[in-house]
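Here is the structure we will look at.
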Amino acid sequence: MLTLLSATSAASENISECRNLNVSGTTYLLNGSVNSSGTCMNIMAENITLDCQGNTINYSQSQAGYGVNNSDGFDNVLVKNCVIVQGGSFNYSYAIYFKNASQATIEYNNIETNDNVTTRGKNGINLENTTNSQIRDNIIKTQSGIETNLGISLYKSSYNNLTNNNITTTGYLGYGIYLHESTNNRVECNDIATTGQAAYGAVLYKNSTNNTVKGNNITTTGLQSIGVYIESSYNNLTEDRISTSNTGACGVHLYGDSDNNIITNSRIKSNQSIGIYLQHFGADVPENNILYNNLINGSSLPVNLSSSVGNNTWNTTEQDGTRIHGAGNRIGGNYYTNSTGGYSDSCSDSDKDGFCDLPYNLSTGNMDYLPLSNGYKPPSPPTTTLYTPPKRKQDSSGGYMPYTAKPVPSCFDGILNCHDGACEKEMDCGGPCKPCPSCSDGIQDNGEEGIDCGGSCPPCNTTGKVEEVIVVENKTEEKEEIKGSDSCSNGVLDGRELGVDCGGPCGPCKDGQFCVNNLGCISGWCHNQVCMTSSCSDGIKGPGETGIDCGGSCGKCPSLDVVDSCSVGEYVNINVLNPAQAMALLITDPDGKIKSYTLSNSAGSNAVMRFSPTMAGRYLIQINGYSEEAVLVVEEEKSEQSSLTIKMEWIIIALLFVSIAFIVHEERKNKAASEEWDRSEVLLKIDSGHVSRRHQHLPD
């Protein structure tokens with residue numbers, strides 16, 4: 001046993017020159033600064049640690065090369081505490097380069113590339129086809145030349161975490177963090193600053209989907225610079241602080257086919273241009289994006305939409321939450337402002353609830369129904385008066401005369417009085433009590449022949465005042481009008497209209513027009529207060545559909561099945577039956593963190609996802625947003641004793657015979673003595689009850 005421990009324990013080796021690091025399980029300790037004409041350190045084995053202990057690697061002094069090179073794809077490599085400096089000015093020379101690797105950790109390094117203005121492609125950290133890695137707490141400075149030098153670059157790399165890095169780029173096309181065809185990464189709590197022309201803080205480019213960009217502080221100061229640029233990708237941005245300043249600079253830019261992005265709880269500012277810009281490219285338009293509870297500050301425009309943009313959602317349902325700006329504790333839409341006073345700064349908020357009285361219309365299909373205002377005032381607390389009993393009088397003998405305490409006012413004492421901070425309107429009704437019967441309470445009562453008409457009220461079916469209630473995203477406003485005053489060309493929702501100048505007496509509303517309910521639309525469908533015609537490819541759960549673009553006339557919705565993992569080694573295959581084209585499988589844990597994602601091939605064939613049973617946890621599986629969901633449980637059991645615990649499939653009413661229990665116990669004991677093994681158990685349950693299977697897997 002002592003020999004075994006000695007052979008498998010981690011070894012360390014002191015080094016003082018650039019070299020190949022080729023002994024697996026070794027920690028290499030750099031004892032002094034080193035120089036290299038090209039590449040300095042080559043990773044040649046797995047489970048390598050390079051600890052520079054604060055010493056400097058000066059690489060690429062006379063030819064192109066890398067400071068640390070892992071281009072052969074070795075796993076479980078750690079690089080830390082290094083000062084890595086590019087000595088020469090050669091193109092495509094990276095400080096740290098990993099390719100086809102996994103489980104890498106790059107931390108606490110100080111990286112600086114050469115500032116020669118005629119060279120390009122000098123990245124700080126470059127990952128290619130690399131997964132499940134950590135890049136954290138590094139200081140990175142890149143000097144842009146004629147084209148594109150990147151702080152951290154990910155190409156076709158997934159499930160990596162980029163956290164707490166301080167990144168600075170200078171010069172033309174210097175990007176702080178750049179993702180290209182990279183999915184399911186987390187970019188969190190980084191400080192990013194760019195100073196050159198067309199230099200971007202973060203870029204999510206060409207199918208870089210399902211990434212989370214959270215809590216970053218991004219500042220750009222160059223001409224035509226952008227805080228976050230997204231092209232043909234969908235991602236989740238939240239709690240970011242983005243500031244840009246210079247001519248043509250933009251806070252967030254969604255370009256081309258960038259759909260289904262979610263941008264929330266962020267502060268987005270452009271000191272000289274546009275806060276958020278949605279721009280089409282040919283037939284590709286940004287659509288189905290969701291943006292709410294953001295502070296959007298653009299000196300020229302808070303939001304700019306190009307001539308062809310699809311429908312996007314600019315508010316959530318009014319609900320409790322932390323507002324991005326202003327007093328109050330309810331969230332809904334966004335706060336729109338600029339230096340001269342934006343919509344939210346000047347909108348009317350008559351009820352002082354923190355929301356503008358009227359929606360903010362950005363363009364057709366882009367309406368914020370609950371824009372935040374700056375006029376919130378908390379309701380005044382009720383005033384109460386304490387009742388003090390009268391002073392007792394003395395009788396002739398010097399004693400106190402008895403008295404009866406005054407009754408406490410209430411809604412049931414048969415007295416017209418005041419109590420609970422308000423006064424009754426009539427005896428035991430109105431004020432703090434139930435409403436008094438009236439001809440305007442919307443209730444048929446007090447001898448009325450109809451609702452608020454007949455009897456003691458005005459006759460029914462006569463010209464008079466009526467009340468109309470309009471509900472817009474959980475906000476209710478009441479207005480009075482005169483029957484017969486409908487106008488179908490005044491640009492106002494009035495009379496008996498069900499949309500603006502349409503619906504009711506004005507004829508049905510067309511697609512794209514504002515609506516109150518389905519009755520006003522010629523299509524028969526009012527979605528998010530906009531008339532729409534449902535289709536099987538609009539990404540929305542329409543009438544008759546049981547899921548998004550499936551069910552009813554749109555064909556069968558997807559479902560899941562699990563394949564015996566014995567046929568595929570250590571993986572479990574999950575089949576998606578009846579997939580839609582470009583089917584997305586999303587697996588999240590209870591905290592909402594993404595665990596797995598894949599795209600299927602074309603519609604009509606089944607999509608297959610491979611899932612490792614060694615990833616223990618409880619997850620939620622969603623199929624491209626469809627209603628059918630599944631719960632995946634992966635449980636690791638530590639020993640034979642615990643893994644063979646009997647699973648109760650039904651309630652056993654009678655006690656097991658003592659003899660049977662003894663036999664089972666002896667069998668376990670004998671087997672444990674002959675073979676120790678762990679197992680992983682995968683249980684997939686679909687809520688509709690279609691699938692319920694178990695599989696045991698022996699480790700390699």
Check whether any side-chain heavy atom of [X] lies under 4.5 Å from a side-chain heavy atom of [Y], and answer yes or no.
X: Met41; Y: Tyr59; result: no
X: Leu204; Y: Val228; result: yes
X: Leu127; Y: Ile135; result: yes
X: Val187; Y: Asn211; result: no
X: Ser299; Y: Asn271; result: no
X: Val77; Y: Phe98; result: yes
X: Gln53; Y: Leu30; result: no
X: Leu237; Y: Ile230; result: yes

Exercise for review: With sequence neighbours excluded, give me every ring pair (Phe, Tyr, Trp, His ring centres under 6.0 Å) pair touching residues 204-231.
Suggested key: His180-Tyr205, Tyr200-Tyr229, Tyr229-His253

How many angstroms lie between [atom1] in [X] and [atom2] in [Y], if you round to the nearest 0.5 Å?
X: Asp51; Y: Tyr108; atom1: CG; atom2: OH; value: 12.0 Å
X: Cys250; Y: Leu301; atom1: SG; atom2: CG; value: 10.5 Å
X: Tyr155; Y: Tyr178; atom1: OH; atom2: OH; value: 9.0 Å
X: Lys156; Y: Glu181; atom1: NZ; atom2: CD; value: 5.0 Å
X: Ile111; Y: Lys122; atom1: CD1; atom2: NZ; value: 14.5 Å
X: Asn246; Y: Gln224; atom1: CG; atom2: CD; value: 9.0 Å

**Study point:** Stepwise side-chain contact (heavy atoms from CB on, under 4.5 Å) check, Asn138 with Ile152
**Key:** CA-CA 10 Å; Asn138 300 283; Ile152 299 176; 5.9 Å; no

Closer than 3.5 angstrom, by distance alone: can the side chain of [X] be matched with the main-chain N or O of [Y] as a donor-acceptor pair?
X: Ser182; Y: Leu154; answer: yes
X: Asn334; Y: Tyr336; answer: no
X: Ser24; Y: Glu46; answer: yes
X: Asn109; Y: Val79; answer: yes
X: Ser306; Y: His280; answer: yes
X: Asn149; Y: Asn123; answer: no
X: Thr264; Y: Tyr292; answer: no
X: Asn265; Y: Glu239; answer: no
X: Ser233; Y: Thr209; answer: no
X: Ser208; Y: Leu179; answer: yes

Point to revise | Val68 vs Cys40, side-chain contact (heavy atoms from CB on, under 4.5 Å): CA-CA, chis, key distance, verdict | key: CA-CA 6 Å; Val68 178; Cys40 181; over 6 Å; no

What's the shortest heavy-atom distance between [X] and [Y], and which atoms?
X: Ser270; Y: Gly275; result: CB-N, 4.0 Å
X: Gly174; Y: Ala199; result: O-CB, 3.2 Å
X: Gln272; Y: Ser245; result: OE1-C, 3.8 Å
X: Met44; Y: Asn22; result: CB-CB, 3.6 Å
X: Ser12; Y: Leu29; result: CB-CD1, 4.4 Å
X: Ile140; Y: Gly124; result: CG2-CA, 4.1 Å

Exercise for review: Verify side-chain hydrogen bond (donor to acceptor under 3.5 Å, both in side chains) between Asn288 and Asp259, making sure each step is shown before the conclusion.
Suggested key: CA-CA 6 Å; Asn288 299 322; Asp259 306 334; 5.6 Å; no

**Study point:** Counterpart residues, salt bridge (Lys or Arg N to Asp or Glu O under 4.0 Å), relative to Glu188 (two or more places apart)
**Key:** Arg186

Exercise for review: Step through the shown structure and confirm whether more than 12 heavy atoms of other residues, nucleotides or ligands are within 6.0 Å of CZ on Arg241.
Suggested key: no

Exercise for review: Evaluate the side-chain contact (heavy atoms from CB on, under 4.5 Å) criterion for residues Lys269 and Leu295: first the C-alpha distance (whole Å), next the side-chain angles of each, then the deciding distance (0.1 Å), finally the verdict.
Suggested key: CA-CA 8 Å; Lys269 181 179 182 180; Leu295 175 63; over 6 Å; no

Check your understanding: Can you list the steps and then say if Asn210 with Tyr234 is a side-chain contact (heavy atoms from CB on, under 4.5 Å)?
Key -> CA-CA 6 Å; Asn210 217 37; Tyr234 63 86; 4.1 Å; yes

Practice item. Decide, yes or no, whether a salt bridge links Glu107 with Lys80 under the criterion of side-chain N to carboxylate O below 4.0 Å. Key: no

Is it true that [Y] and [X] share a donor-acceptor pair across their side chains at a distance under 3.5 Å?
X: Thr113; Y: Thr142; result: no
X: Thr170; Y: Gln143; result: yes
X: Asp75; Y: Ser102; result: yes

Check your understanding: Pairs in or reaching into residues 66-104: which pass disulfide bond (SG atoms under 2.5 Å apart), with residues at least two apart or in two chains?
Key -> Cys52-Cys82

Review point. Taking it one step at a time, do Asn166 and Asp191 satisfy side-chain hydrogen bond (donor to acceptor under 3.5 Å, both in side chains)?
Key: CA-CA 5 Å; Asn166 188 306; Asp191 286 324; 4.5 Å; no

Practice item. Determine the sole option in Ile15, Asn42, Thr26 for which the side-chain contact (heavy atoms from CB on, under 4.5 Å) test with Leu21 is passed. Key: Ile15

Practice item. Let me know which of Val303, Asn366, Ile263, Ile268 forms a side-chain contact (heavy atoms from CB on, under 4.5 Å) with Leu291. Key: Ile263

